[in-house]
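What's counted below: heavy atoms across the whole structure, side chains too, no hydrogens, waters or symmetry copies.
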Amino acid sequence: MSVNESASHFQSPDRNLALELVRATEAAAIRAVPWIGKGNKNAADGAAVDAMRKFLGTVDFEGVVVIGEGEKDQAPMLFNGEVVGTGVGPKCDIAVDPIDGTSLTAAGRSHAISMLAVSDRGTMLDASSVFYMDKLATGAAGAGVVSLDQSVGDNCRELARALGKPVGELVVAVLDRPRHQGLIDEIRSAGAATRLILDGDVAGGINAALPGTRIDACFGIGGCPEGVATAAAIKALGGFMQGRLAPLDDAERARGEAAGLRMDHIYGQDELVQGDNTIFVVTGVTDGSLVRGVERRGDVIETESLILRSASGTIRRIQATHLASKWLED
């Protein structure tokens with residue numbers, strides 16, 4: 001490897017960065033614990049944001065927040081456009097969600113997570129001007145088989161055929177929202193089963209591509225930021241994903257078009273996040289099918305995290321034990 005190639009390699013997100021970033025999601029998850037089941041989602045989110053921001057400040061990279069907590073005047077930390085890290089090391093785009101599932105956390109329900117995604121600088125689609133996206137995520141079997149241009153019924157039947165199973169055994173994750181009643185009816189009419197999730201379609205999309213889960217696909221409209229972050233994970237898993245922006249009204253459509261977004265275009269995963277150098281990190285806040293939640297055991301706190309890296313195609317589960325005295329003293 002030449003000197004220039006070596007320097008270029010160093011300036012890209014690598015395995016060392018992945019292992020550093022998990023400290024930030026662990027911190028966010030642990031700090032949210034006192035607010036689980038307390039009915040105050042803003043307090044839970046605030047604690048997680050503060051912890052994630054502090055830990056990201058110690059990581060050797062220069063990350064620009066493309067997907068964050070909102071615009072600067074609405075979010076004092078981790079806002080869109082904020083630069084995080086020490087400024088030494090690779091230059092990256094970063095998508096953060098200190099708690100994906102704040103309502104789940106506040107209610108004490110399962111499947112709340114802390115997550116972040118990283119890619120090379122300039123590769124992550126900034127879709128922040130449009131709130132919702134119609135999404136479709138599957139494992140590798142869905143490539144060339146399912147599409148947002150096809151009917152829901154055809155997608156279910158074709159995916160089942162590609163997976164070599166009866167359509168009656170197909171399981172599709174869908175956010176449990178009134179807007180999805182028609183989608184749910186179509187899935188069931190095709191003979192497939194639904195797995196309705198209260199919140200957190202990032203986990204739903206990942207489970208659709210993660211080997212060994214009972215979910216075969218994730219369909220439906222969810223947040224645009226979550227869609228971009230999910231794409232980073234799907235690329236690392238070798239799965240398949242499409243997204244189409246779903247503006248709420250003409251004004252939002254106009255804002256999106258002014259920002260250079262294509263309203264009726266089906267974005268593939270390689271358009272949502274370009275290149276083959278993504279890192280996705282998630283730590284459980286409450287127990288879920290993707291990762292276990294934070295658990296206090298006497299003098300220690302246990303966390304479970306998942307690290308997905310597309311460059312190496314690796315899936316790592318990190319079980320960590322933290323001294324409670326280091327976290328709960330203040």
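Put simply, the residue from Thr230, Val202, Leu237, Val273 that forms a side-chain contact (heavy atoms from CB on, under 4.5 Å) with Phe280 is Val202. Results of the side-chain contact (heavy atoms from CB on, under 4.5 Å) test with Leu306 over Ile315, Val22, Ile318 single out Ile315 as the only residue that passes.
Counting non-hydrogen atoms of neighbouring residues, nucleotides and ligands closer than 6.0 angstrom, the NZ atom of Lys54 reaches no more than 12 such neighbours. In this structure, Asp249 places its CG atom where more than 12 heavy-atom neighbours from other residues, nucleotides or ligands lie under 6.0 Å away. The number of heavy-atom neighbours closer than 6.0 Å to CZ of Arg179, taken from other residues, nucleotides and ligands shown, is above 12.
A donor-acceptor contact shorter than 3.5 Å links the side chain of Arg177 to the backbone of Leu198. With Asp287 contributing its side chain and Ser110 its backbone, the two residues share no donor-acceptor pair below 3.5 Å. Although no hydrogens or angles enter the test, the distance criterion places no donor-acceptor pair under 3.5 Å between the side chain of Thr102 and the main chain of Lys41. Put simply, the side chain of Ser310 gets close to the backbone of Asn277: a donor and an acceptor are under 3.5 Å apart. Checking side-chain atoms of Gln242 against main-chain N and O of Ile266 turns up no donor-acceptor pair under 3.5 Å. In this structure a side-chain-to-backbone donor-acceptor pair under 3.5 Å is present from Glu82 to Phe79. A donor-acceptor pair is defined here as one N or O able to donate and one able to accept, closer than 3.5 Å; no such pair exists between the side chain of Asp216 and the backbone of Val172. Looking at Glu252, its side chain does come within 3.5 Å of a backbone N or O of Phe131 through a donor-acceptor pair. Listed for the Asp299 side chain is no donor-acceptor partner under 3.5 Å among the backbone atoms of Leu323. Counting only distance, with no hydrogens or angles, the side chain of Thr138 and the backbone of Ala217 share no donor-acceptor pair below 3.5 Å.
For the pair Lys165 and Leu170, the tightest heavy-atom approach, listed with the atom from each and the gap, is CD-N, 4.1 Å. The shortest heavy-atom contact between Asn40 and Ala106 is N-CB, 3.8 Å. Taking each heavy atom of Leu245 and Arg262 in turn, the nearest pair found is CD1-O, 3.9 Å.
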| said: Pair Ser147, Asp149 - check side-chain hydrogen bond (donor to acceptor under 3.5 Å, both in side chains), show working. | reply: CA-CA 5 Å; Ser147 169; Asp149 270 342; 4.5 Å; no

| Given Val291 and Arg317, is the side-chain contact (heavy atoms from CB on, under 4.5 Å) satisfied, shown in steps? | CA-CA 9 Å; Val291 282; Arg317 287 194 180 271; 3.7 Å; yes

| message | Is there a side-chain contact (heavy atoms from CB on, under 4.5 Å) between Gln150 and Leu136? Walk through the geometry before answering. | response | CA-CA 11 Å; Gln150 291 182 170; Leu136 177 158; over 6 Å; no

| said: For Phe55 and Thr25: C-alpha separation, side-chain torsions, deciding distance, then whether side-chain contact (heavy atoms from CB on, under 4.5 Å) applies. | reply: CA-CA 9 Å; Phe55 270 78; Thr25 55; over 6 Å; no

| Stepwise, does the side-chain contact (heavy atoms from CB on, under 4.5 Å) test hold for Asn207 with Arg195? | CA-CA 11 Å; Asn207 273 321; Arg195 178 71 57 83; over 6 Å; no

| task | Apply salt bridge (Lys or Arg N to Asp or Glu O under 4.0 Å) to Lys135 and Glu226, showing your working. | result | CA-CA 10 Å; Lys135 292 171 271 192; Glu226 290 83 358; 5.2 Å; no

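Residues Val83 and Glu62 meet the side-chain proximity criterion, which asks for heavy atoms closer than 4.5 Å. Here the side chains of Val96 and Val84 are not in contact, with every heavy-atom distance at 4.5 Å or above. Side-chain contact between Met133 and Leu272 is present, with heavy atoms from C-beta onward closer than 4.5 Å. Here the side chains of Val130 and Leu248 are not in contact, with every heavy-atom distance at 4.5 Å or above. Contact check for Val285 versus Trp35: no side-chain heavy atoms found under the 4.5 Å cut-off.
Taking NZ from Lys235 and CG from Leu308, the interatomic distance works out to 13.5 Å, rounded to the nearest 0.5 Å.
Between Asp154 and Arg161 no salt bridge is recorded (no basic side-chain N to carboxylate O distance below 4.0 Å).
The side chain to side chain contact (heavy atoms under 4.5 Å, CB included) test applied to Ala320 returns Glu26, Thr303, His322, not counting sequence neighbours.
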